[in-house]
Amino acid sequence: MPAALTAWLTGDASADRVVPPSGFTAQLTLFAAGVMTFLTVFALALSLATGRLAERWGDDLARASTVRISAPADQMRTQTAAALRVLETTEGVESAQALSAEDQQALLAPWFGPDVPVDALPVPQLIEVTESDGGFDAAGLRLRLSAEAPGAVLDDHTRWRRPLVAAASRLRTLGLLSILLIGGAMAAMITLAANAALAANSQVIGVLRLVGAKDRYIARAFVRRFTLRALIGSVVGMICGAIAILFLPDQGEVGLLTGLGFRGIEWLWLPLLPLAAAAVAYGATRRAASRVLAALR
Amino acid sequence: MPAALTAWLTGDASADRVVPPSGFTAQLTLFAAGVMTFLTVFALALSLATGRLAERWGDDLARASTVRISAPADQMRTQTAAALRVLETTEGVESAQALSAEDQQALLAPWFGPDVPVDALPVPQLIEVTESDGGFDAAGLRLRLSAEAPGAVLDDHTRWRRPLVAAASRLRTLGLLSILLIGGAMAAMITLAANAALAANSQVIGVLRLVGAKDRYIARAFVRRFTLRALIGSVVGMICGAIAILFLPDQGEVGLLTGLGFRGIEWLWLPLLPLAAAAVAYGATRRAASRVLAALR
Amino acid sequence: MIELDNVAYSYGGAELLSDVSLKLAPGSFHFLTGPSGAGKTTFLKLCYGALVPTAGQARIFDQDVREMTRDDIAISRRRIGVVHQDCQFLDHVSMAENVAMPLKVAGRDVAAEQQNLDDLLSWCGLSSRANALPPQLSGGERQRAALARAVILSPDVILADEPTGNVDWEMSQRLIQLLVELNRMGKTVMIASHDLGLIRATKQHVQARVLRISNRRLQLAGADL
Amino acid sequence: MIELDNVAYSYGGAELLSDVSLKLAPGSFHFLTGPSGAGKTTFLKLCYGALVPTAGQARIFDQDVREMTRDDIAISRRRIGVVHQDCQFLDHVSMAENVAMPLKVAGRDVAAEQQNLDDLLSWCGLSSRANALPPQLSGGERQRAALARAVILSPDVILADEPTGNVDWEMSQRLIQLLVELNRMGKTVMIASHDLGLIRATKQHVQARVLRISNRRLQLAGADL
Ligand SMILES: Nc1ncnc2c1ncn2[C@@H]1O[C@H](COP(=O)(O)OP(=O)(O)OP(=O)(O)O)[C@@H](O)[C@H]1O
Ligand SMILES: Nc1ncnc2c1ncn2[C@@H]1O[C@H](COP(=O)(O)OP(=O)(O)OP(=O)(O)O)[C@@H](O)[C@H]1O
Ligand SMILES: [Mg+2]
Ligand SMILES: [Mg+2]
């Protein structure tokens, strides 16, 4: 921390005594900062979880397609090889892999039971295709496939991919929205609490001005007090929020949901919250103090 | 509305003049009630949506099982009929229905393509079983099925049903938790704002007491003012929240998610929020007023 | 009306007042003097029940102060008009409304008393400032408004703490004259003041007893005053 | 030090003061009288720059009030000690700390001035109450503390608004004597008061000029005062 900031935080202890130590407006600032940070931690966790979710769906679901080859048993091998060649040379295809007999059997098990000899059935060959980021041109690929391997059918899952991607991005929007909402409410609440506190202390400000204190001296005493209060409240709220997130029931990943929580480097978002709260309190108190002071001479 | 309440709300206009009309603490009460109600609307919507989701998953997914019958072609019909008889007499089974050839073909299409003649394949017959609320005894059913229809295999989806039900109930918990959190924060914030406002008005209370006002007169003026303020702020917050929910992007149902919003009768939850805010403000102001008054004689 | 019986009071440390006994009879007129910090304001607060004696018994309208409920105290304040040394008002309503405040909280019809209110304000030289907010008043105007507020309910007892500290001699004569008139109508009056000139001047118009607080005791001042 | 040149002031309505010209020379001693509500407090506020004249020019330490920055005003207040009519304090710190507040905000070493502070408090009869919070002081004690706070920086000019309204005669003599001593050391003193007895008594010790506000003008009072 730069020395100037340290000095500012430690402060001129004597100057701080001019601000009344506590009272409801002080508690309000502490509490508002604490509670709103607590809620923001949850909103942030939600936002990050939905971000992860959207990413996973985008990656795993949206970028996987299937090519199905139905052909007489004797042509199966050649057509499969031809289709794989086509896929390997298609721009936008990251990898293409023919499913082994066991994989296909596993897939069909719910319908045929585990014991049915897949080999003996005219089961089509499946090829799993993973798209690269850009995706491929489905129509062009279909044309080329029909030329090289007439039994190949491309199923790019667009039908059921679209709504899931839409759902994922909706969730992401929701997470962002909630973080904006709660963050905005935190800022507004801290601002109002600072204003209320300064209004309640207008006598102090008047007396200080009358005995010859400069605006800077007065504003600084209040700004430091309130910034520290918001910072402390917010740190406490952040810690409580983090603990609550850690102790949320069942953190495993189930179904399509990822756990509500922070992973590794994501924890580093948390310390930003108290800093933001302190910054808001700093700005709000400065503005409120100069407003109150401007009304005095 | 009972006449007493109407009278109380309309109030003795002259008595209300003794409370200063506005100021930051007043704005704080209005704003805290408004913002927190706004957030609670979202938490409520989330809670209801996850409730719906959990219910749907519980209903549609958890209560569906499948019986698969693999048998030589000539025994297929008799074994299917036997299995259906068993299922119909099993306690906990609501309905059991053999899938038609077309249904089965549709299910198999992704693997075999739409043109494969299912009839010509040794495809097992599938029976869809819907459980009643209590569910059935899977082990008992398996025993009876193996006696009556040796080719029948019961697949009750327990494997992948469990995690989804767990996820749904996690979501429900999350919704409830968020509503508790935000609702609790609202109550605390309104309480603190009322306290701050009363502390800021301690001179008014002192003067009124000195000129012979009874405690009831003083408390009532403040309580009415603050209850109305919280009510108004909360109604505004509720309306804004409802509008925001209505205009959320894309309200369709996609994938496993239901839309974040209110359905029909669920809207009736909303008016409860301002009433709760007003009740909190009423209690908080009463307590704060009697605390301030008790310190005077 | 008000009876103190061997009353003592301390703010936590040493006793400020000891062994104070006094009976305020209806229609009596008292002055209270004593050096600054002697306990005049404290004594008046004991008289209107704002403080409870640490020893002895205080009775207001024949009720023991210790046994009065909060509502009893509120009611008693409608029969005792008090001018406080640091006069405080509702800063957001006009001076005239502040003066009428005791009528309002007592549930009386303010409109019916409008004439009385106007007369009172004009006697105190406040008519032109009736619509000003209290923070816009001069020090003397505030003091006069506080006196007007104390007598608006025409209470049985009037306790005034330095009611003329901030007003000029002519105006203080007018204010005292108002209190003397009220005393002639049977009201009990007690004025705390260290303006000996004022006390001497008043004694020419009314039979006043002068009490002095010194050495923690309440004494009757000599005839020289 | 302070110069008013054809100054007028109004709070929005009619003019309260008109055509006021005055030059406060270093070492002068002035009294300011006038009926309650005449504008004494307003006049003093013009003198220390809390109000800006609506017409005419006011100069404080050779600076035009209209051109002073907020920091200039703050600095000028360290050279002008003011006793306000409604003395206000920081209610959460002790009286002694309140009296020392001007030292603190001026960045002076409070510890080094401890002896001065103690002497001053004991002269004003406040030693025993040094640790009390302002709301625990009596009216007169507050006024004395306000006077002590006004002179602690030993300012060039002392403006006192009714500094003795709430204190007894002996104490007011002591306080005036303090101001007279400071005047002898070259400080400029102006006291607003309507206690004519006090003014007469003081004129026996110091050459004081008595100013009177009447009919919106500032006049020199006759020799009878
Ligand atoms: N902020 C204000 N707004 C409007 N009018 C005001 C304001 N302050 C004072 N006045 C009016 O200006 C007049 C002069 O006030 P000022 O306080 O200067 O009188 P004063 O001579 O000090 O009187 P006193 O001896 O009673 O203290 C009064 O009538 C008062 O009501
Ligand atoms: N709330 C309190 N707590 C502690 N001490 C107090 C309190 N109020 C007053 N005192 C002290 O009690 C003493 C008497 O105070 P009081 O106000 O009764 O004096 P007073 O005679 O009215 O003086 P003045 O003429 O200056 O108004 C003073 O020394 C004062 O400091
Ligand atoms: Mg007193
Ligand atoms: Mg004045």
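Both backbone and side-chain heavy atoms feed into the values below; hydrogens, waters and symmetry mates do not. First the proteins, then the strands, lettered A, B, ... as listed; each starts at 1.
Of the two parts of A106(D), neither the backbone nor the side chain holds a non-hydrogen atom closer than 4.5 Å to a non-hydrogen atom of chain A. Residue R149(D) touches chain A through its side chain alone, counting heavy-atom pairs closer than 4.5 Å.
Using bins of under 30°, 30° to 60° and over 60° for the plane-to-plane angle, the ring pair H84(D)/Y48(D) lands in the perpendicular bin.
Put simply, of L293(A), N201(A), L208(A), I218(A), the one with the most heavy-atom pairs under 4.5 Å next to chain D is L293(A). Ranked by heavy-atom pairs shorter than 4.5 Å toward chain A, the options G107(D), S76(D), G49(D) are led by G49(D). Of all the listed residues (L90(D), V110(D), L153(D)), the one sharing the greatest number of non-hydrogen pairs under 4.5 Å with chain A is L90(D). The residue among N98(D), I73(D), L51(D) with the most heavy atom pairs within less than 4.5 Å of chain A is I73(D).
A side-chain donor-acceptor contact under 3.5 Å links Q203(A) to the backbone of F89(D).
By the 4.5 Å heavy-atom criterion applied to side chains, V207(A) and L210(A) are not counted as neighbours.
Defined by atom type and a distance below 3.5 Å, a donor-acceptor pair is present between the side-chain atoms of Y11(D) and T42(D). Side-chain polar atoms of T29(A) and R229(A) form no donor-acceptor pair below 3.5 angstrom.
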